[in-house]
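Below you'll find the structure, written out as structure tokens, and then a few comments.
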Amino acid sequence: MALPPALVILPLLLLLGSQAAWSAEQAAAPLHELDAAALRDLRAGLRDLPGSRFFDSWDDARSPCAYAGVVCAPDEDGQAASGALRVSVLTLGTGLADSPGLAGTLPASLATLAALTDLVLYPGSVSGAIPVGIGSGLRRLRLLSLSGNHLTGPVPESLAGLPDLHTLDLGNNRLEGVIPTGLLLPSSPSLKVLILANNCGLSGQIPSQFSSSQLFHVDLSRNAITGTLPPLPPTIRYFSVAANGMQGSLDGVFGDGSAPADLAFLDLSMNNFSGSIPPEVFALQSASSLLLSRNNFTGPLTVRAAPTPWAVVDVSHNGISGEVPEALAVAGSLYVNNNRMSGEVPLAVARSVFAGRMTTFYAQHNFLTGFPTPPLPLPDSAALCLSYNCMELPSASAADGCPTIGGPLEARPADQCRSADAGSSGGDG
């Protein structure tokens with residue numbers, strides 16, 4: 001039986017009334033003096049870039065808890081003065097695509113906002129160092145995002161081991177120095193997302209205990225990290241160390257039953273990894289993107305049946321020999337160019353290209369001897385490049401999809417192709 005309208009509306013009115021009363025009570029409550037001072041320091045240290053109007057609401061005519069980007073709440077631990085509020089969420093900048101963001105520096109007093117759980121600084125031109133005491137002062141932090149600015153100096157050691165920190169994004173800045181090891185260890189048990197990409201100056205090594213962490217998204221790309229790659233955490237879903245100075249083989253990294261079951265994105269490109277690519281890499285159950293280009297990998301590729309179709313497989317610009325594995329035909333985009341691969345391209349790969357399932361197949365600059373051409377027109381959406389191999393191009397379309405840079409489009413000179421073992425040829429791979 002349907003309830004009378006009054007019985008439905010009355011609880012809603014009571015709820016709205018209680019919320020309004022709470023909002024009014026919160027608006028009337030004072031802000032803790034430390035938090036009020038920190039907000040004044042922030043306003044003095046930061047400014048809107050031309051075209052941004054974020055700080056328009058930060059004036060003395062209103063309560064600091066009514067400022068744009070500021071959320072206040074009662075102090076859960078009762079450490080605030082009686083009835084005083086603390087800043088719990090601080091979002092600096094609008095985050096709009098057309099906003100240039102903020103400039104200036106972050107004050108040291110930022111670390112006195114002791115009840116803060118979420119701190120976001122949207123991309124802009126904020127420079128200077130991250131306050132060194134930010135981790136020791138903000139023990140309740142769950143989210144810290146300062147990406148896309150001009151911050152310099154080190155990643156504060158105090159950020160390692162924060163009990164509730166879930167996401168740390170300091171990417172796309174100008175940070176330098178050694179990455180605090182604690183961020184990659186079980187000593188940061190709540191940390192799930194770690195993004196330090198595109199700082200260029202961050203260094204150090206990934207510790208051997210990395211596999212014991214609970215991280216599921218790690219992006220350390222485009223820095224100065226060295227050393228070998230230890231086994232990955234079983235929880236990892238996204239992992240990138242692209243464009244660093246790492247080296248060594250991948251043996252044991254994905255084997256012995258330690259392969260992460262949910263790893264979808266793996267980017268080891270532009271390092272100095274060597275040896276053969278272990279078959280376990282191609283057996284990752286959830287992988288959709290395998291990016292291993294521009295390393296020193298050698299030997300043939302061993303690829304068994306793909307567990308799931310890949311979106312992209314890129315092993316280009318290495319020293320890989322042997323034939324193109326037939327199992328790679330399920331990739332949406334396949335890059336094997338600039339290696340020492342030989343033999344004929346499998347018919348399954350050619351069929352996948354001409355059927356439109358594989359939109360990109362780059363195999364130029366190898367020692368391939370043939371490419372079977374199915375009786376189908378090449379789709380307009382397909383990019384096919386077979387130039388500079390040991391074969392006549394099957395059609396003009398086999399070079400039409402080649403990149404505009406990257407060397408000659410003709411066949412490899414015959415004297416480089418006479419050796420049965422392409423790896424002993426003196427030609428460029």
Side-chain angles (χ1 to χ4, degrees), residues 117-118 120 135 139-147 155 157-171 178-199 202 204-223 225 227-244 246 248-269 271 273 277-292 306-313:
T117 63
D118 297 56
V120 176
R139 300 299 295 173
R140 302 186 202 173
L141 269 183
R142 297 185 305 231
L143 166 64
L144 177 59
S145 176
L146 309 176
S147 63
V155 176
E157 288 278 352
S158 60
L159 291 174
L162 283 177
D164 300 319
L165 186 61
H166 178 281
T167 299
L168 176 60
D169 184 359
L170 306 178
V178 177
I179 297 172
T181 304
L183 294 175
L184 301 166
L185 294 176
S187 56
S188 294
S190 298
L191 190 61
K192 306 299 181 186
V193 179
L194 176 62
I195 303 174
L196 302 175
N198 295 297
N199 277 287
L202 291 176
Q205 299 187 6
I206 299 176
S208 58
Q209 305 96 318
F210 178 55
S211 61
S212 299
S213 72
Q214 299 297 312
L215 289 157
F216 63 70
H217 184 115
V218 175
D219 192 348
L220 307 177
S221 59
R222 300 187 183 278
N223 280 294
I225 299 168
T228 58
L229 182 65
L232 304 183
T235 53
I236 202 77
R237 302 173 190 174
Y238 181 110
F239 183 75
S240 176
V241 289
N244 277 283
M246 300 190 70
S249 75
L250 301 183
D251 293 342
V253 175
F254 301 96
D256 302 325
S258 62
D262 297 322
L263 181 58
F265 184 94
L266 176 66
D267 191 354
L268 307 180
S269 59
N271 279 282
F273 292 117
I277 299 175
E280 292 83 5
V281 171
F282 299 100
L284 292 167
Q285 293 296 313
S286 303
S288 61
S289 298
L290 298 174
L291 309 177
L292 300 107
T308 55
W310 298 289
V312 57
V313 173

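Computed from a prediction, not measured in an experiment: that's the story for all the values here.
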Steps toward side-chain contact (heavy atoms from CB on, under 4.5 Å) verdict (Val313, Phe282): CA-CA 9 Å; Val313 173; Phe282 299 100; 4.2 Å; yes
Quick check: do [X] and [Y] have side-chain heavy atoms less than 4.5 Å from each other?
X	Y	result
Val155	Ile179	no
Leu184	Leu194	yes
Val253	Phe273	no
Leu232	Val218	no
Gln214	Lys192	yes
Leu185	Phe210	no
Leu202	Leu220	no

For Phe265, all residues meeting ring pair (Phe, Tyr, Trp, His ring centres under 6.0 Å), sequence neighbours excluded: Tyr238
Check for a donor-acceptor pair, side chain of [X] on one end and backbone N or O of [Y] on the other, with a separation under 3.5 Å.
X	Y	answer
Ser286	Ala261	yes
Asn271	Met246	yes
Asp267	Ser240	no
Asp164	Thr117	no
Ser289	Val312	no
Asp219	Ser221	yes
Thr167	Val193	no

Rounded to the nearest 0.5 Å, how far does [atom2] of [Y] lie from [atom1] of [X]?
X	Y	atom1	atom2	answer
Leu268	Leu266	CG	CG	4.0 Å
Leu284	Asp262	CG	CG	11.0 Å
Ile277	Ser249	CD1	OG	12.0 Å
Leu168	His217	CG	NE2	11.5 Å
Leu170	Ser147	CG	OG	8.5 Å
Leu263	Phe239	CG	CZ	9.0 Å

Work out which heavy atom in [X] is nearest to a heavy atom in [Y]; give both atom names and the distance.
X	Y	result
His166	Leu191	O-CD1, 3.5 Å
Pro186	Ser213	CG-N, 4.1 Å
Pro231	Ser211	O-CB, 3.4 Å
Ile206	Pro230	CG2-CG, 3.6 Å
Glu157	Pro180	OE1-CB, 3.6 Å
Leu162	Gly135	CD2-O, 3.2 Å

Stepwise side-chain contact (heavy atoms from CB on, under 4.5 Å) test for Thr308 and Gln285: CA-CA 7 Å; Thr308 55; Gln285 293 296 313; over 6 Å; no
